Asker: 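Dropping a structure here in structure tokens format, bear with me for questions.
Along the sequence shown, residues are numbered consecutively beginning with 1. This structure is a prediction, so every number in the text was calculated from the model and none was measured.
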Amino acid sequence: KQRLTILTYHGVMSEHDYMRPWEPTVAALDWQMELLFKHFSPLSLPEALSKIGSRSLPERAVCVTFDDGYANNFELALPVLKRWRIPATVYVATDFLNGGRMWNDSVIEAMRIAEGPDFDLREIGLDTYDIGGFEMRKAAAVMIIREIKHWPPEKRAHAVMVIESMVGALPDNLMMTDDQVRQLSSEGVEVGAHTKSHPILATLDTEQSRDEIVGSKTYLENLLKKPVRHFAYPNGRPGIDYTFEHRDIVESAGFESAASTQWGAVSRLSDKWQLPRFTPWDRTPLRFMTRLLLNYRNPG
């Protein structure tokens, strides 16, 4: 009782994508949201945080969140959320709106279309990757992303530029447009900030971090003409991807909450600017619900 589980999603696929097998399909999201509707107490994030403060949180309280600002959140996820009357929060990395592409998506899409059987990245300090089959292409993308994720932003950007230069045209419609963000907000979805360029905040200095955090808030408030009250840390592991300094910047910027990716359930003792989140990865309803229920026993 008086605990909240916040679920983390990113993209939603129209059908299974071998390059993004970790992302749910529309069909999978549909049964997951149906399960929440029938057996849990879905709340908007502002309502849930208010009820925690007043000790009036219903049993099995749950919030749904999406990170990054993918166009499929609007195109595919929103109709499912509306069908099951599930409130949601979408955290948007603002630099990628209107035709931008996140660096990790550039890697994934490059590995999808690169000519095989090998992809040689030794000139940027990486390896030569076997891309002779679907599984190997996916594995290559995962390995490259893991290798360069915590590189300094300039070095990582150069590596991605080299990768992009070695393949054909990459998609420019993965992220939402300004208009889609506005429509999402008009449908009742809470729009939160997720920095400007989705950096690992721990790799930046204080002023760069403040610009990323406050800049995304300012952009979205100018776009939506209303306060943006909630934030999510990119990658989100405390002490690794962000530090307590960043938590203080977020609080001083006027955000009412911030979400990490530390697993656990939210309670009255949780730090509002370091909220734990969790998403079961199971592919069947019984396992999904069992793991979700167990999360309430894990105070973040």
Side-chain angles (χ1 to χ4, degrees), residues 9-25 66-76 91-178 180 194-204 208 211-212 215-216 234-237 240-241 261:
Y9 293 93
H10 293 83
V12 178
M13 303 291 102
S14 58
E15 57 188 22
H16 177 76
D17 183 348
Y18 76 92
M19 288 298 292
R20 301 171 187 268
W22 50 84
E23 302 287 23
T25 62
F66 294 82
D67 284 8
D68 301 334
Y70 286 102
N72 54 45
N73 293 176
F74 174 77
E75 297 162 350
L76 302 179
Y91 297 108
V92 177
T94 54
D95 276 1
F96 306 110
L97 297 174
N98 307 305
R101 187 173 53 250
M102 296 180 67
W103 70 266
N104 54 301
D105 289 323
S106 289
V107 174
I108 291 170
E109 297 305 322
M111 292 304 99
R112 188 194 300 276
I113 67 172
E115 294 184 2
D118 300 312
F119 199 76
D120 188 351
L121 292 177
R122 287 175 293 180
E123 71 170 275
I124 57 173
L126 295 174
D127 205 344
T128 298
Y129 300 90
D130 184 349
I131 54 171
F134 290 162
E135 286 301 314
M136 288 174 280
R137 287 176 181 271
K138 179 191 71 177
V142 170
M143 285 188 285
I144 294 168
I145 290 169
R146 185 183 299 126
E147 284 289 329
I148 69 176
K149 178 181 287 187
H150 288 88
W151 282 9
E154 298 81 8
K155 182 181 178 182
R156 188 178 68 195
H158 172 71
V160 173
M161 182 182 67
V162 170
I163 293 169
E164 291 175 338
S165 72
M166 296 170 65
V167 300
L170 299 179
D172 59 4
N173 61 348
L174 296 178
M175 313 308 287
M176 283 190 286
T177 64
D178 282 352
Q180 287 174 325
H194 197 39
T195 71
K196 293 162 58 179
S197 65
H198 202 278
I200 303 294
L201 291 170
T203 67
L204 307 183
Q208 289 173 318
D211 177 64
E212 285 282 347
S216 62
N235 289 79
R237 294 172 299 171
I240 300 174
D241 300 318
T261 57

Asker: For Pro171, is there any backbone N or O sitting under 3.5 Å from a side-chain donor or acceptor partner on Arg101?
Answerer: yes
Asker: Quick one: pull up CE in Met176 and CG in Asp68 and give me the separation to the nearest 0.5 Å.
Answerer: 9.5 Å
Asker: Side-chain contact, heavy-atom cut-off 4.5 Å: Met143 with Asp127?
Answerer: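 No, too far: nothing below the 4.5 Å cut-off.
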Asker: Are the side chains of Phe96 and Asp105 in contact, using a 4.5 Å heavy-atom criterion?
Answerer: no
Asker: To the nearest 0.5 angstrom, please state how far the OH atom of Tyr9 sits from the CG atom of Asn73.
Answerer: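 CG of Asn73 is found 12.0 Å from OH of Tyr9.
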Asker: Looking at Gly99, is its backbone amide N or carbonyl O close enough to the side chain of Asp172 to form a donor-acceptor pair, meaning the two atoms are under 3.5 Å apart?
Answerer: no
Asker: Could you report the tightest heavy-atom contact between Val107 and Ala141, atom names first, then the distance?
Answerer: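 That closest heavy-atom pairing would be CG1-O, 3.9 Å.
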Asker: Distance check, rounded to the nearest 0.5 Å: Glu135 atom CD versus Met19 atom CE?
Answerer: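 Between atom CD of Glu135 and atom CE of Met19 there are 10.0 Å.
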Asker: Looking at side-chain heavy atoms only, is the closest gap between His10 and Glu23 below 4.5 Å?
Answerer: yes
Asker: If I take atom OG1 from residue Thr94 and atom NZ from residue Lys196, how far apart are they, to the nearest 0.5 angstrom?
Answerer: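 One gets 7.0 Å once the value is rounded to the nearest 0.5 Å.
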Asker: Would you mind reporting whether Asp211 and Leu204 have side-chain heavy atoms less than 4.5 Å apart?
Answerer: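 SC-SC contact between Leu204 and Asp211 ruled out.
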Asker: First locate atom CD of Glu212, then atom NE2 of His194, and finally report the distance between them rounded to the nearest 0.5 Å.
Answerer: 11.0 Å
Asker: For Asp241, is there an ion pair with Lys149 - N to carboxylate O distance below 4.0 angstrom?
Answerer: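 Between Asp241 and Lys149 there is no salt bridge, as every charged N stays at least 4.0 Å from the carboxylate O atoms.
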Asker: Do Lys155 and Thr203 make a side-chain contact, defined as non-hydrogen atoms from C-beta onward lying under 4.5 Å apart?
Answerer: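 No; the side chains remain at least 4.5 Å from each other.
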Asker: Do Asp118 side-chain atoms and Asp120 backbone N/O form a donor-acceptor pair below 3.5 Å?
Answerer: no
Asker: Can you tell me how far CD1 of Ile108 sits from CD1 of Ile145, rounded to the nearest 0.5 angstrom?
Answerer: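 Output value for this atom pair is 4.0 Å.
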Asker: Quick check: do Leu170 and Ile113 have side-chain heavy atoms less than 4.5 Å from each other?
Answerer: yes
Asker: For residues Ser216 and Val92, determine if any side-chain heavy atom of one lies less than 4.5 Å from a side-chain heavy atom of the other.
Answerer: no
Asker: Kindly indicate whether the side chain of Leu174, heavy atoms from C-beta on, has any atom under 4.5 Å from the side chain of Met102.
Answerer: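 No. Closest side-chain heavy atoms not under 4.5 Å.
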Asker: Tell me the ring pair (Phe, Tyr, Trp, His ring centres under 6.0 Å) pairs involving residues 116-157, sequence neighbours left out?
Answerer: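 Qualifying pairs: Tyr18-Phe134.
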